[in-house]
Amino acid sequence: MLNIYISTSNQYHGCLKPFAYLFNKFWSRQQKVTFVGYDLPDFDLPENFEFVSLGKQKGPSYYGNDFRLFFESLDDEYFIYTMEDQFIYDMVEVDLVHKLSSYVKQKDVGRVCLTNSIFQNHMGKRHEFYLNDSNYELVKYSQDSEFRITCEWTIWDRDYLCGYLLDGMDPWQFERIGSQNSKNDGYNLIGCKNKVPIHHGEAIRRVNTDNGFDFKLVNEDRYLSNDIIVEMKNEGLL
């Protein structure tokens, strides 16, 4: 399995323990995950999680520079990346993640989307047929689609990602400006249409952080099981 990197910042440390709890429930306790942020958390993480500090946090506008330098320092040519609020809310199709990871190694593929965003048709998103592979139908973002670049769960080609992590960018600019700049760049940004590898939620970015986490699955009319929410409360995670 490719290495997994999760970006965070000091004010979002409250996401780390519930993120790790849900990851281990729906993926695996054997899969190594690396949080990448600034101040070290003042609590323990599960054994399969580690935390890498980028030093002093200087503000959101340093996101592009800080994380480009981090990713460029890695030996990994390909890896999985998302942010700390992208909680997993259902069982991960691990075999499909493995299968899709082979496609990112093709020279014309910049990223492989692991969520259901790849086949949505709202907010200017557009996709086209890419290929059929046994039981899987793969599609690609159209060259003029919105949201070609996002921080959702993705298998990235390191060089492609770093090309859009520009100095002065905060995470929202990375997505917005990166998506505009990537239009007609000739790269295939692909994913699976008939099976979703990772069902996830955006736990805090669409709600006020004072109101707690949002347990609705993105682009789905369902929520994280209430039994699991109760489990998390009993574990002191909520």
Side-chain angles (χ1 to χ4, degrees), residues 1 4-9 11-31 33 35 37 41 43 45-46 48-49 80-98 100 111-125 127 136-137 139 141 145-147 149-155 171-172 175-176 179 191-238:
M1 175 61 71
I4 299 174
Y5 299 99
I6 311 298
S7 61
T8 190
S9 56
Q11 58 268 44
Y12 291 114
H13 277 194
C15 291
L16 304 190
K17 289 200 288 186
F19 180 103
Y21 182 87
L22 291 166
F23 181 94
N24 284 349
K25 175 174 285 290
F26 291 128
W27 194 315
S28 171
R29 291 183 176 275
Q30 281 67 56
Q31 174 63 50
V33 183
F35 285 124
F43 48 81
L45 293 167
N48 58 318
F49 280 77
I80 296 170
Y81 165 63
T82 192
M83 305 188 85
E84 80 289 273
D85 74 323
Q86 302 288 299
F87 289 4
I88 298 175
Y89 287 158
D90 205 343
M91 294 303 299
V92 174
E93 296 283 351
V94 178
D95 289 344
L96 181 54
V97 175
H98 276 287
L100 292 174
R111 77 178 185 100
V112 181
C113 178
L114 296 176
T115 73
N116 59 24
S117 291
I118 185 72
F119 56 83
Q120 302 302 313
N121 293 310
H122 61 286
M123 299 177 67
K125 296 177 183 177
H127 63 271
Y136 306 116
E137 179 185 352
V139 294
Y141 280 105
S145 176
E146 302 296 334
F147 294 95
I149 303 293
T150 79
C151 293
E152 288 190 0
W153 287 95
T154 289
I155 304 172
W172 302 275
E175 293 188 321
R176 186 178 69 254
S179 291
C192 192
K193 183 172 185 177
N194 62 328
K195 199 167 189 179
V196 179
I198 297 178
H199 297 271
H200 77 296
E202 292 182 346
I204 57 173
R205 302 207 184 272
R206 292 183 180 178
V207 297
N208 187 308
T209 54
D210 293 338
N211 295 334
F213 297 125
D214 185 348
F215 294 114
K216 185 179 185 301
L217 280 76
V218 172
N219 300 318
E220 296 188 51
D221 188 23
R222 62 189 180 111
Y223 291 79
L224 174 67
S225 164
N226 190 62
D227 289 344
I228 297 175
I229 294 174
V230 171
E231 282 181 22
M232 295 172 72
K233 288 181 178 178
N234 291 339
E235 292 286 336
L237 302 176
L238 302 178

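- For the atom pair Leu100 CG and Cys192 SG, the distance stands at 6.0 Å (nearest 0.5 Å).
- Residues Val94 and Ser28 fail the side-chain proximity criterion, which asks for heavy atoms closer than 4.5 Å.
- Judged by distance alone, the side chains of Tyr81 and Ser7 do bring a donor and an acceptor atom under 3.5 Å apart.
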Donor-acceptor pairs are to be reported for all side-chain atoms of residues 16-25 against protein atoms at under 3.5 Å, with residues two or more places apart or in another chain.
unit_1: Tyr21; atom_1: OH; unit_2: Glu231; atom_2: OE1; d: 2.8
unit_1: Asn24; atom_1: OD1; unit_2: Asn48; atom_2: ND2; d: 2.8
unit_1: Asn24; atom_1: ND2; unit_2: Asn48; atom_2: OD1; d: 3.2
unit_1: Lys25; atom_1: NZ; unit_2: Glu231; atom_2: OE1; d: 3.1

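- With values rounded to the nearest 0.5 angstrom, Ile155 atom CD1 is found 5.0 Å from Ile80 atom CD1.
- One distance of note links CD1 of Ile6 with SG of Cys151; it measures 11.0 Å at 0.5 Å rounding.
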* Asked: Hey, mind stepping through Phe213 and Cys15 against side-chain contact (heavy atoms from CB on, under 4.5 Å) and telling me if it holds?
  -> CA-CA 9 Å; Phe213 297 125; Cys15 291; 3.9 Å; yes
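- At a threshold of 4.5 Å between non-hydrogen side-chain atoms, the residues Ile4 and Trp153 count as touching.
- Residues passing the side chain to side chain donor-acceptor pair (under 3.5 Å) test with Thr82, sequence neighbours excluded: none.
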* Please report the C-alpha distance between Lys233 and Ile229 in whole Å, then the side-chain angles of each, then the deciding distance to 0.1 Å, and finally whether the side-chain contact (heavy atoms from CB on, under 4.5 Å) criterion is met. => CA-CA 6 Å; Lys233 288 181 178 178; Ile229 294 174; 4.0 Å; yes
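- Under a cutoff of 6.0 Å and an axis angle of 45°, Lys125 and Phe147 form a cation-pi pair.
- Side-chain contact check for Val92 versus His199: every heavy-atom pair is 4.5 Å or farther apart.
- Side chains of Ser117 and Glu152: a donor on one and an acceptor on the other come within 3.5 Å.
- Atom CE of Met1 and atom CD of Gln31 lie 5.5 Å apart (nearest 0.5 Å).
- Residues Asn194 and Glu137 approach most closely at OD1-N, 3.0 Å, considering heavy atoms.
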* Can you check side-chain contact (heavy atoms from CB on, under 4.5 Å) on Asn226 and Phe215, steps first, answer last? -> CA-CA 9 Å; Asn226 190 62; Phe215 294 114; over 6 Å; no
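- In this structure, Lys195 has no side chain to side chain donor-acceptor pair (under 3.5 Å) partners at least two apart in sequence or on a different chain.
- Side-chain contact check for Asn116 versus Glu220: some heavy-atom pair is nearer than 4.5 Å.
- Annotation: side chain of His200 is not in contact with side chain of Leu114 (no heavy-atom distance under 4.5 Å).
- Going from atom CG of Leu217 over to atom CG of Leu224 covers 7.5 Å, rounded to the nearest 0.5 Å.
- Rounded to the nearest 0.5 Å, atoms CD1 (Ile198) and CZ (Phe26) are 12.5 Å apart.
- Checked against Phe49 for a ring pair (Phe, Tyr, Trp, His ring centres under 6.0 Å), the options Phe35, Tyr5, Trp27 give a single hit: Phe35.
- Under the 4.5 Å side-chain criterion, counting only non-hydrogen atoms from C-beta, His127 is not in contact with Gln120.
- Annotation: side chain of Met83 is in contact with side chain of Pro171 (closest heavy-atom distance under 4.5 Å).
- Closest approach of Pro197 to Leu96, counting heavy atoms only: CG-CD2, 3.7 Å.
- Judged purely by atom type and a 3.5 angstrom limit, Ser179 uses its side chain to pair as donor or acceptor with the backbone of Glu175.
- Shown here for His13 and Phe43, the closest heavy-atom pair between the two residues is O-CZ, 3.5 Å.
- Ion pairing of Arg222 with Asp90 is present here, as a side-chain N (NZ or NE/NH1/NH2) and a carboxylate O approach within less than 4.0 Å.
- You'll find the side chain of Thr115 stays beyond 4.5 Å of the side chain of Thr154, heavy atoms only.
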